[in-house]
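Counting begins at 1 with the first residue of the sequence. Just so you know, ligand 1 is whichever comes first in the structure, and atom 1 is the first atom listed for that ligand. No hydrogens, no waters, no symmetry mates; every other heavy atom, side chains included, goes into these values.
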Amino acid sequence: MSSDSSLIKPEDLELKPIERADTIPSAWYTTSVFLELEENAVFKKNWQLACHESQIPRPGDSICRTVAGNPILIVRDHTDEIRAFYNVCRHRGGPLSVKSGTTTVLQCKYHGWTYLMDGSLRGVPQFDRVELFDKKDFGLKPVKTETWQGLIFISLDENSLPLRDVIGGISERISPNRLDKMEYHTTTIDLIECNWKVYVDNYLEGYHIPIVHPELSGLLDYKNYVTETAEHYSLQYSPFSDTSADNPYKAEDGQAFYYFIYPNIMLNILPGRLQTNIIEPVGHDKCRVIFDYFYTDPIKAEEQGTIQNDLEYSAKIQQEDIEICEAVQAGLRSDVYDKGRFSVKRELGVWHFQTLLKKNLLDFQF
Ligand code: FES
Ligand SMILES: [Fe+2]
């Protein structure tokens with residue numbers, strides 16, 4: 001990474017306790033060259049949430065994602081096995097889809113080359129007279145996948161940690177919630193004019209709640225808001241001060257858990273409900289936030305109006321967060337701001353995230 005070393009000042013990579021640490025420098029949020037570094041050091045190195053099994057329930061179902069500029073196809077094959085490939089045809093780079101009428105063949109949408117579900121190239125129309133061409137050399141590139149509690153993760157790094165080492169402890173903590181019992185219901189997507197880390201930082205602290213979300217603030221027992229950190233993830237939760245039935249944030253019969261899994265995955269878990277958020281960088285000053293909603297019993301949740309409530313309240317909170325995140329991006333871009341400091345009491349999650357980022361960059365450098 002020596003060619004990139006001017007990007008990062010060594011002192012900015014120093015790992016310090018929260019009591020003494022600075023926030024990461026503004027240039028890390030405002031330059032495309034830093035995002036390129038992150039694509040290699042962060043997004044290609046860590047597990048990414050692709051989707052939930054219930055989003056591709058039948059053989060032949062598939063979903064597309066982008067990881068660090070790489071189009072990825074996740075597909076359920078005819079034996080119910082989940083597979084992932086770079087969604088890039090080896091002919092001239094076209095995109096693939098499941099060939100209609102089959103669950104065993106992927107077909108390029110450009111000139112129709114076909115591949116078996118193991119990625120091997122099968123059909124190459126009108127390719128006679130081509131010399132020194134062996135189909136064996138032109139298979140699809142596979143992507144590593146692992147499933148945990150029904151959530152399908154992908155990693156572009158062959159040597160990434162086993163997924164269980166990343167998420168270890170969450171299953172026990174959220175029990176008896178079972179994420180694999182959830183059914184997909186809806187997706188909402190926001191394109192936000194801020195660096196992906198501005199959105200992540202904002203998710204990771206309740207410090208802004210009284211100012212940015214006054215209505216939500218009145219419902220939470222803010223004094224007892226807790227942030228816990230593990231090696232690769234953090235957890236926030238807050239008891240509710242208003243436990244009346246019309247408090248839409250109240251977790252019935254149980255606890256609400258707000259997990260952040262480094263670098264860009266959020267799992268909001270309430271009894272009977274799961275909302276996943278994936279924060280995808282689109283450019284250095286833009287990100288796409290994908291909210292997927294799941295319920296153990298979507299029909300009942302629909303009948304009870306839970307889904308409508310969840311969507312309305314999420315949209316309201318999200319709008320408040322979008323406005324502040326976009327304003328913060330402008331502040332980070334300004335001539336006068338570089339680094340700030342952390343509230344020890346309220347910003348442990350942000351410090352933890354930024355520390356993991358620094359560690360990732362250090363690992364990548366040396
Ligand atoms: S690019 Fe796929 S068949 Fe031509
Ligand atoms: Fe917020």
Side-chain angles (χ1 to χ4, degrees), residues 62 64 70-73 75 85-100 102 105-116 119-128 130 133-135 137-141 188 190 192-220 222 225-227 234-238 240 248-249 256-260 264 266-268 275 277 279 287 289 291 310 312-329 331 343 346-350 353:
S62 64
C64 296
N70 290 280
I72 311 290
L73 181 74
V75 61
F85 299 98
Y86 286 83
N87 192 10
V88 180
C89 175
R90 297 292 304 280
H91 174 220
R92 280 176 39 221
L96 305 152
S97 65
V98 178
K99 187 177 180 197
S100 55
T102 97
V105 175
L106 297 170
Q107 183 171 45
C108 178
K109 289 179 168 171
Y110 200 1
H111 313 99
W113 281 24
T114 54
Y115 299 85
L116 297 179
S120 56
L121 178 59
R122 190 186 74 166
V124 185
Q126 303 179 65
F127 238 56
D128 36 336
V130 178
F133 173 73
D134 187 341
K135 286 198 281 189
D137 300 332
F138 287 84
L140 293 176
K141 298 286 184 198
T188 62
D190 291 300
I192 307 179
E193 304 279 331
C194 70
N195 182 272
W196 69 279
K197 298 187 295 302
V198 171
Y199 191 91
V200 170
D201 290 340
N202 179 68
Y203 177 88
L204 287 171
E205 44 91 354
Y207 197 22
H208 71 275
I209 290 176
I211 311 286
V212 176
H213 311 297
E215 195 184 315
L216 170 60
S217 179
L219 302 170
L220 293 176
Y222 183 64
Y225 192 104
V226 177
T227 301
S234 60
L235 166 64
Q236 297 173 88
Y237 58 91
S238 171
F240 292 99
Y249 306 104
F257 300 96
Y258 299 92
Y259 277 100
F260 167 72
N264 66 335
M266 293 146 191
L267 308 178
N268 305 323
Q275 188 198 52
N277 310 342
I279 319 306
C287 63
V289 177
F291 277 48
D310 286 354
E312 279 169 19
Y313 277 95
S314 287
K316 179 173 162 33
I317 301 292
Q318 176 74 334
Q319 192 50 41
E320 292 167 349
D321 282 324
I322 288 174
E323 283 169 24
I324 196 67
C325 285
E326 292 186 342
V328 166
Q329 183 70 25
S343 159
R346 294 288 181 192
E347 292 177 294
L348 180 65
V350 187
F353 163 58

Side chains of Asn268 and Tyr203: is there a donor and an acceptor less than 3.5 Å apart? yes
Ignoring hydrogens and geometry beyond distance, is a side-chain donor-acceptor pair present between Gln275 and Asp310 at under 3.5 Å?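 Checked: Gln275/Asp310 side chains show no N/O donor-acceptor pair below 3.5 Å.
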What's within reach of atom 2 (Fe) of ligand 1, meaning protein N/O/S atoms under 2.8 Å? Cys89 SG, Cys108 SG
Inspect the surroundings of OH in Tyr110 and state if more than 12 heavy atoms from other residues, nucleotides or ligands are less than 6.0 Å away. no
Using a 6.0 Å cut-off, check whether atom CD of Gln319 has over 12 heavy atoms from anything other than its own residue. yes
I want to know whether Phe138 and Phe133 have ring centres closer than 6.0 Å. yes
With a distance cut-off below 6.0 Å to the six-membered ring centre and an angular limit of 45° from the axis, does Arg90 pair with Tyr115 as a cation-pi contact?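 No - Arg90 does not lie over the ring of Tyr115 by the 6.0 Å and 45° rule.
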How about Tyr222 and Tyr207: do any of their side-chain heavy atoms sit closer than 4.5 Å?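 A side-chain contact exists here, since the closest heavy-atom pair is under 4.5 Å.
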Report, as a single number, the protein N, O or S atoms less than 2.8 Å from the Fe ion (ligand 2).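 Of the protein's nitrogen, oxygen and sulfur atoms, 4 lie under 2.8 Å from the Fe ion (ligand 2).
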First locate atom CD1 of Ile192, then atom SG of Cys287, and finally report the distance between them rounded to the nearest 0.5 Å. 5.0 Å
Rounded to the nearest 0.5 Å, what separation is found between the OG atom of Ser234 and the CD atom of Glu205? 11.5 Å
